Amino acid sequence: MAILQIAGLTKCFGGLTAVNDVSFSVEEGEILGIIGPNGAGKTTLFSLISSFLKPTSGDVIYLGESIVGVPPHVLVQRGLVRSFQIVQTFADMDVLDVVTTAALSRRPMLEAEDYAGDVIRRVGLGGKERLTPTSLSLQDKKLLEVAKCVATEPRLILLDEVMAGLTLAETEAPLAVIRELNRQGVTVVMVEHVMPVIMRAATRIVVINFGEKIAEDTPATIVEDQRVIDAYFGELVDA
Ligand SMILES: Nc1ncnc2c1ncn2[C@@H]1O[C@H](COP(=O)(O)OP(=O)(O)OP(=O)(O)O)[C@@H](O)[C@H]1O
Ligand SMILES: [Mg+2]
């Protein structure tokens with residue numbers, strides 16, 4: 001069953017069409033990768049799906065119902081959560097507070113803190129509960145972003161470059177967390193620039209270029225697609 005269907009999704013910012021008539025489906029239980037060059041519209045796409053932005057046109061169907069205009073916090077309660085590419089934290093909160101706040105979206109205070117502690121250990125941040133997020137390493141900040149999402153007990157999780165800036169070795173921990181979540185039944189859509197990671201993790205890949213979907217296939221087929229090579233790998237080679 002498709003947990004998410006995106007149909008003709010379009011977002012214009014003034015004269016710029018950041019997302020242009022994009023359609024695809026996400027099957028329950030899969031790990032779908034989204035790739036594309038900088039500025040291709042990937043984060044905007046996530047913001048449209050999670051209702052942080054309203055589409056100019058098109059529809060987003062989650063569990064069979066249109067969710068356009070449904071506020072993000074209501075979507076979290078229905079199991080749809082997104083991470084932020086720019087790690088967002090509040091200065092006066094520690095790691096446990098941040099994850100507890102996320103857990104409160106589903107659980108009462110008495111349970112939320114215990115549950116947040118479990119999630120923190122699961123993502124590999126055990127022992128860092130009382131640190132401030134700003135003092136964490138980049139890798140740990142990314143794990144915290146994942147922990148915030150996991151603490152809301154999602155059914156569909158949208159992860160925006162949670163591994164950007166990490167070395168290949170450093171991606172092992174977050175990747176293991178994502179795979180474990182997926183084994184437990186959570187559907188994952190992940191935007192990622194780290195190609196070896198997305199090739200290993202994703203069952204299917206959607207490629208976005210200049211706001212448009214230019215390809216959708218298995219990782220093995222995608223790496224051989226000439227349009228993808230031109231749009232994406234070409235950029236990497238030139239960089
Ligand atoms: N709120 C906004 N107002 C105006 N333009 C925007 C806004 N958000 C994004 N854009 C523009 O839309 C385009 C797509 O941006 P977006 O952040 O979605 O790309 P991206 O694929 O996530 O890029 P990156 O790989 O760098 O994260 C860019 O040209 C960007 O400058
Ligand atoms: Mg982005």
Side-chain angles (χ1 to χ4, degrees), residues 3-4 26 28-29 31 43 46-54 60 62-164 166 173-191:
I3 187 167
L4 185 74
V26 182
E28 180 127 49
I31 301 184
T43 297
F46 271 12
S47 298
L48 293 170
I49 297 170
S50 55
S51 254
F52 282 84
L53 286 175
K54 196 172 182 307
V60 181
Y62 173 62
L63 296 172
E65 267 180 54
S66 176
I67 54 166
V68 172
V70 178
H73 71 274
V74 175
L75 292 180
V76 169
Q77 278 156 7
R78 291 199 206 162
L80 195 171
V81 69
R82 61 88 61 92
S83 76
F84 287 90
Q85 187 172 356
I86 315 242
V87 178
Q88 310 213 329
T89 52
F90 299 99
D92 56 344
M93 292 178 116
D94 63 24
V95 165
L96 183 62
D97 292 336
V98 168
V99 182
T100 301
T101 305
L104 280 171
S105 64
R106 292 265 206 174
R107 292 173 184 252
M109 189 63 207
L110 280 173
E111 280 178 29
E113 193 168 295
D114 279 351
Y115 185 68
D118 284 348
V119 171
I120 288 168
R121 282 186 291 279
R122 265 167 67 197
V123 305
L125 287 175
K128 296 176 180 166
E129 290 81 356
R130 292 296 170 204
L131 297 181
T132 56
T134 44
S135 69
L136 297 177
S137 68
L138 176 67
Q139 184 184 16
D140 285 350
K141 281 185 182 134
K142 300 278 183 179
L143 289 176
L144 177 59
E145 199 53 30
V146 176
K148 274 164 58 185
C149 291
V150 173
T152 68
E153 298 170 80
R155 186 160 170 179
L156 172 63
I157 188 168
L158 311 177
L159 296 172
D160 196 354
E161 298 204 31
V162 291
M163 306 198 217
L166 305 183
L175 195 56
V177 172
I178 291 163
R179 286 210 168 113
E180 180 54 30
L181 265 181
N182 183 248
R183 262 196 295 277
Q184 291 166 359
V186 179
T187 306
V188 180
V189 180
M190 55 195 289
V191 165

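Side chains are part of it too, since the values below use all heavy atoms of this structure and drop only hydrogens, waters and symmetry mates. Residue numbers run from 1 in the order of the sequence given. Computed from a predicted structure; not experimentally measured.
- Judged as a side-chain hydrogen bond (donor to acceptor under 3.5 Å, both in side chains), and not counting sequence neighbours, Asp114 has no contacts.
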Practice prompt. Evaluate the criterion side chain to side chain contact (heavy atoms under 4.5 Å, CB included) for residue pair Tyr115 and Glu153; output intermediate values, then yes/no.
Written response: CA-CA 10 Å; Tyr115 185 68; Glu153 298 170 80; 3.3 Å; yes

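- Minimum heavy-atom separation, Phe46 to Val189: CZ-O, 3.6 Å.
- The minimum heavy-atom distance between Ala102 and Ala151, with the atom names listed, is CB-CB, 4.0 Å.
- The only option from Cys149, Pro133, Ser83 that meets the side chain to side chain contact (heavy atoms under 4.5 Å, CB included) definition with Leu144 turns out to be Pro133.
- Listed by first then second residue, pairs satisfying salt bridge (charged side-chain N to carboxylate O under 4.0 Å, His left out) with a partner in residues 125-136 read Asp94-Arg130, Lys128-Asp140, not counting sequence neighbours.
- Rounding to the nearest 0.5 Å places CZ of Arg107 at 11.0 Å from OG1 of Thr152.
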Show the atom names and distances, to 0.1 Å, of all donor-acceptor pairs under 3.5 Å that link a side chain in residues 63-82 to residues at least two apart or in another chain.
| unit_1 | atom_1 | unit_2 | atom_2 | d |
| --- | --- | --- | --- | --- |
| Ser66 | OG | Asp59 | OD1 | 2.7 |
| Arg82 | NH2 | Ser47 | OG | 3.3 |

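- Note that the CG atom of Leu136 and the CG atom of Leu125 stand 6.5 Å from one another [nearest 0.5 Å].
- In terms of heavy atoms, Asp118 sits closest to Arg121 at OD1-NH2, 2.9 Å.
- Heavy atoms only, all atoms of each residue included: Ala164 and Leu138 are closest at O-CD2, 4.0 Å.
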Solution key, residues 173-183 side-chain donor-acceptor pairs under 3.5 Å, sequence neighbours excluded:
| unit_1 | atom_1 | unit_2 | atom_2 | d |
| --- | --- | --- | --- | --- |
| Arg179 | NH2 | Arg200 | O | 3.2 |
| Glu180 | OE1 | Arg183 | NE | 3.2 |
| Glu180 | OE1 | Arg183 | NH2 | 3.0 |
| Glu180 | OE2 | Gln184 | NE2 | 3.1 |
| Asn182 | ND2 | Gly29 | O | 3.1 |
| Asn182 | ND2 | Val186 | O | 2.9 |

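- For the salt bridge (charged side-chain N to carboxylate O under 4.0 Å, His left out) condition, the pairs that include at least one residue of residues 154-163, sequence neighbours left out, are Glu28-Arg155.
- Residues satisfying the salt bridge (charged side-chain N to carboxylate O under 4.0 Å, His left out) criterion with Arg106, sequence neighbours excluded, are absent altogether.
- Salt-bridge annotation for Glu145 and Lys148: present, with a side-chain N of the basic residue lying under 4.0 Å from a carboxylate O of the acidic one.
- In this structure, CG on Leu48 lies 11.0 Å from OG1 on Thr43, to the nearest 0.5 angstrom.
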